[in-house]
A.B. asks: 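Once you've had a glance at the structure underneath, I'll fire off some questions.
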Amino acid sequence: MTDAAPKVGDRQYYELLEQLQALDFVLVELNLYLDTHPDDLKSIEQFNKVTQERTILAKQFQEMYGPLQNFGRAYSKYPFEWPQGPWPWQV
């Protein structure tokens, strides 16, 4: 993994991952709501704001700890990082 690979007890790694999970939860709920209320401008604005927050946080996390997803959804440092663990769902 990267030079800053998470170590047991790396508090910041787990805090950032938890923040990402919380933002993902909000985005899923807003997406479900917007499926049935597509004209709710305030909810669309909230969805876009949370999407922007998540994008920024994911970029920060990936720069520090490596990719969150593969298949072109995250950049990789050299050597290719994806095969190296732990993956976010393994911690």
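Note that this is a predicted model, so its numbers are computed, not measured.
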A.B. asks: So, E45 and K49, do they make that salt bridge, N to O below 4.0 Å?
C.D. replies: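 Salt bridge: no.
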
A.B. asks: Please check if atom CD in E18 has more than 12 non-hydrogen atoms from other residues, nucleotides or ligands closer than 6.0 Å.
C.D. replies: no

A.B. asks: Nearest heavy-atom pair of L68 and A58: which atoms, and what distance?
C.D. replies: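 In this case the closest contact between L68 and A58 is CD1-CB, 3.9 Å.
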
A.B. asks: Hydrophobic clusters here meaning ILVMFWY residues chained together by side-chain heavy-atom distances under 4.5 Å, can you tell me if L20 and Y14 are in one?
C.D. replies: yes

A.B. asks: Rounded to the nearest 0.5 Å, what separation is found between the CG atom of L17 and the CD atom of Q12?
C.D. replies: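 These two atoms lie 12.0 Å from each other.
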
A.B. asks: Determine whether L27 and N31 make a side-chain contact, defined as any pair of heavy atoms from C-beta on separated by less than 4.5 Å.
C.D. replies: no

A.B. asks: Can you tell me how far apart CG (L23) and CD (E53) are? Round to the nearest 0.5 Å.
C.D. replies: 6.0 Å

A.B. asks: Rounded to the nearest 0.5 Å, how far does CD of Q52 lie from CZ of F47?
C.D. replies: 12.5 Å

A.B. asks: Begin from the C-alpha positions of D40 and I44 and carry the test side chain to side chain contact (heavy atoms under 4.5 Å, CB included) through to its verdict.
C.D. replies: CA-CA 6 Å; D40 187 335; I44 294 169; 5.7 Å; no

A.B. asks: So how far is it from R54 CZ to F61 CZ, rounded to the nearest 0.5 Å?
C.D. replies: 10.0 Å

A.B. asks: Might you work through the side chain to side chain contact (heavy atoms under 4.5 Å, CB included) test for M64 and L16, ending with a clear yes or no?
C.D. replies: CA-CA 10 Å; M64 295 172 65; L16 291 174; 4.0 Å; yes

A.B. asks: Look at the rings of Y65 and Y13 and say which category their plane angle falls in: under 30° parallel, 30 to 60° tilted, over 60° perpendicular.
C.D. replies: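 Judged by the thresholds at 30° and 60°, the geometry between Y65 and Y13 is perpendicular.
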
A.B. asks: Q19 side chain to L57 main-chain N or O, any donor-acceptor pair under 3.5 Å?
C.D. replies: no

